[in-house]
There are 2 protein chains.
Amino acid sequence: MANHSSFPPKPTDSELEILSFLWQHGPSTVRQVHDHLAETKEAGYTTTLKLMQIMHEKELLSRTEEGRSHVYTAKVQEAETRQTLLDRFVETTFRGSAAQLVMQALGNHKTSARELDEIRQLLNNLENNH
Amino acid sequence: MANHSSFPPKPTDSELEILSFLWQHGPSTVRQVHDHLAETKEAGYTTTLKLMQIMHEKELLSRTEEGRSHVYTAKVQEAETRQTLLDRFVETTFRGSAAQLVMQALGNHKTSARELDEIRQLLNNLENNH
DNA sequence: CCTTTACTACGAAATATTTCGTAGTAAAAA
DNA sequence: TTTTTACTACGAAATATTTCGTAGTAAAGG
């Protein structure tokens, strides 16, 4: 059963960057997250800290004490969150047409032959299943 | 040539709703746009007016006087804007993998057999072209 | 012991976005 | 002619988001 709207508030862009890191690297400290973000962005340590504290309040992250620092874990699932954001995006930007989005995504992005094959596989499955 | 980043500032969600209407219905007055939005959202007329004035300042819309009211026209192209937003979205939500996005979009959205065929066509073309 | 280092907590400033109220005005209606 | 209606302009409040500085504190180093 999909879980639309009701659950945790939709993450902002900054929050998504943090979630993204946690999904990839698993439970991490603010320091670890920050050092990663700092490679790309310009932002102070306490900014990242504050964001993660807020995300904790919002129930987007859980945390445990580990010595004098906290270890944060994503409390929302990657696939689920992506789906929610994708739904919103298809709605607002592609007027609800997932097919349109797919066409534009494939048309303009350089996608490898291997990935194209996987997609073709998926298409076949979908068509068979219905 | 794609036009990345440099051009008009990325539209906010509210702005996108307005652009969306203009793309679909062509040049329109604030009244027309507002009456449409009001079906869905709760918002006063002057809110829509102000937004469109701001979009005009930002060069997202152009306008001409038509009697005592203004007729606004989208100054940015739908396809171009979609591409920009799509790129951002793939980056932030799918870590740059368009293929992942496509799979998730097809997997969960009910897409008609006809649309699936169109996508298959596109896949064939892509594969042939390289 | 002191001092430095590496944390958290938290208020509050800086920005960005959205919303609305008020004023001015020209045309339409009475 | 007076009143009502339907616009625009625009300041400013309300929200949401992001950023940072300062304070407190425990451990590590000297």
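Letters go in sequence order (proteins before strands), and every chain restarts at 1.
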Trainee: Under 30°, 30 to 60°, or over 60°: which ring-plane class applies to B/H25 and B/F21, parallel, tilted or perpendicular?
Mentor: parallel
Trainee: Which is more 5' along DNA chain D, the nucleotide nearest A/D13 or the one nearest B/T29? Just name the residue.
Mentor: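 So the residue in question is B/T29.
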Trainee: Could you tell me how far apart A/K58 (NZ) and D/dT18 (C1') are, to the nearest whole angstrom?
Mentor: 11 Å
Trainee: Roughly how many Å is it from CD in B/E57 to C1' in D/dG11, rounded to a whole number?
Mentor: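 Those two atoms, CD and C1', are 13 Å apart.
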Trainee: From the options B/I18, B/T48, B/T47, select the one residue that forms a side-chain contact (heavy atoms from CB on, under 4.5 Å) with B/H34.
Mentor: B/T48
Trainee: Take the protein atom NE2 of A/H56 and the nucleotide atom P of C/dT8, then report the distance between them rounded to whole Å.
Mentor: 12 Å
Trainee: Rounded to the nearest angstrom, tell me the gap between atom CE in B/M52 and atom C1' in D/dA9.
Mentor: 15 Å
Trainee: Salt bridge check: are A/K10 and A/E15 linked by an N-O gap of less than 4.0 Å?
Mentor: no
Trainee: Respond yes when some side-chain nitrogen or oxygen of A/T12 is under 4.0 Å from OP1 or OP2 of D/dT18, and no when none is.
Mentor: yes
Trainee: Measuring only between side-chain heavy atoms, which start at C-beta, is A/T29 closer than 4.5 Å to A/H70?
Mentor: no
Trainee: Minimum heavy-atom separation for A/P27 to A/Q32, with atom names?
Mentor: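 In this case the closest contact between A/P27 and A/Q32 is O-OE1, 4.4 Å.
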Trainee: Specify the separation, in whole Å, of atom CD of B/Q32 and atom C1' of D/dA6.
Mentor: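 Checked: the CD to C1' distance equals 14 Å.
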Trainee: Are B/I54 and B/V71 linked, directly or through intermediate hydrophobic residues, by side-chain heavy-atom contacts shorter than 4.5 Å (ILVMFWY only)?
Mentor: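 Different clusters.
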Trainee: Each nucleotide in nucleotides 19-30 of chain D should get exactly one letter: B, S or -. Can you fill that in based on protein heavy atoms under 4.0 Å?
Mentor: BBBB----S---
Trainee: Distance check needed: C/dT17 P versus B/L60 CG, whole Å only.
Mentor: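 Going from CG in B/L60 over to P in C/dT17 covers 12 Å.
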Trainee: How many whole angstroms separate atom NZ of A/K10 from atom C1' of D/dT15?
Mentor: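 Checked: the NZ to C1' distance equals 12 Å.
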Trainee: Can you check whether A/R63 has a side-chain N or O nearer than 4.0 Å to OP1 or OP2 of C/dA9?
Mentor: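 It does, given that an N or O in the side chain of A/R63 lies less than 4.0 Å from OP1 or OP2 of C/dA9.
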Trainee: For C/dT5, take OP1 and OP2 only and decide whether either is under 4.0 Å from a side-chain N or O of A/R31.
Mentor: no
Trainee: Can you tell me the Watson-Crick or wobble partner of C/dT22, both distances under 3.5 angstrom?
Mentor: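 Pairing partner, where one exists within any strand: D/dA9.
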Trainee: Would you call A/E78 and A/R82 a salt bridge, taking side-chain N to carboxylate O under 4.0 Å as the test?
Mentor: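 So A/E78 pairs with A/R82 through a salt bridge.
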Trainee: Calculate the interatomic distance between A/Q53 atom CD and C/dG11 atom P; express it in whole Å.
Mentor: 11 Å
